[in-house]
Amino acid sequence: MSITKTIELDKFCKSILSADRNVRSVAVLDKKGLVLHNISHPKFMQPSLERWNDIHYMECMFDISMGAKFDELYGPIRYHHSDKDNFMMFSFPYNKQVVIITSTKMISPIAFATKISNIIINSK
């Protein structure tokens with residue numbers, strides 16, 4: 001990946017991280033599920049969350065890829081939301097990649113998803 005693309009992804013991830021104080025981490029994954037860029041809020045770093053990220057990333061990638069098969073029938077997926085015991089996870093399509101965001105449970109999922117969708121639309 002080029003330095004310019006890395007800087008762009010870092011700027012994009014930081015804009016999402018600063019969108020709400022409850023955001024824990026932001027990751028951009030390619031279509032194979034490999035992490036292209038990852039950033040986390042140091043205040044919320046939890047080893048247990050980091051240990052399970054790969055599993056949750058694969059879950060979100062699967063949901064987005066399966067949903068894309070029905071785009072013609074239902075329209076494209078704008079986001080996917082998972083409510084876990086200790087945190088929430090959101091996944092958003094972003095060009096040919098997927099953005100995964102983890103947050104505390106102290107946010108409104110619909111309002112947050114709308115805010116992040118606007119950030120994604122404005123960054124394209």
### Beyond-backbone contact of Ile107 with Phe90, side-chain heavy atoms, under 4.5 angstrom
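The answer is yes, as the side chains (C-beta and beyond) meet within the 4.5 Å cut-off.
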### Message
Are the side chains of Phe112 and Val23 in contact, using a 4.5 Å heavy-atom criterion?
### Response
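With C-beta onward as the side chain, the pair touches.
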Within this structure, what is the [atom1]-[atom2] distance for the pair [X] and [Y], rounded to the nearest 0.5 Å?
X: Asn95; Y: Ser123; atom1: CG; atom2: OG; answer: 7.0 Å
X: Ile110; Y: His81; atom1: CD1; atom2: NE2; answer: 9.0 Å
X: Ile119; Y: Tyr94; atom1: CD1; atom2: OH; answer: 11.5 Å
X: Lys14; Y: His37; atom1: NZ; atom2: NE2; answer: 7.0 Å
X: Ser15; Y: Ile120; atom1: OG; atom2: CD1; answer: 9.0 Å
X: Asp20; Y: Ser108; atom1: CG; atom2: OG; answer: 10.0 Å

#### Entry: Non-hydrogen atoms of Ser117 and Phe92 that approach each other most closely
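The answer is OG-CE2, 3.7 Å.
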### Message
Looking at every heavy atom in both Met89 and Thr102, which two are closest together, and how far apart are they?
### Response
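Minimum heavy-atom separation between Met89 and Thr102: CE-CG2, 3.5 Å.
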### Query
Hey, does the side chain of Asp10 reach the backbone of Thr6 with a donor-acceptor pair shorter than 3.5 angstrom?
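Checked: no pair found.
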#### Entry: Donor-acceptor under 3.5 Å (Ser103 side chain, Asn22 main chain)
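The answer is no, because no donor-acceptor pair under 3.5 Å joins these two groups.
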### Message
By the definition side-chain contact (heavy atoms from CB on, under 4.5 Å), identify the one residue from Ile39, Asn38, Ile101 that meets it with Cys13.
### Response
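The side-chain contact (heavy atoms from CB on, under 4.5 Å) with Cys13 is passed solely by Ile39 among Ile39, Asn38, Ile101.
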#### Entry: Partner set under side chain to side chain donor-acceptor pair (under 3.5 Å) for Asp30, not counting sequence neighbours
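With sequence neighbours excluded, Asp30 shows a side chain to side chain donor-acceptor pair (under 3.5 Å) to no residue whatsoever.
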### Message
Taking salt bridge (charged side-chain N to carboxylate O under 4.0 Å, His left out) as the cut-off, I'd like each qualifying pair that reaches into residues 104-121, sequence neighbours left out, listed once.
### Response
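Those involving residues 104-121 are Asp83-Lys105.
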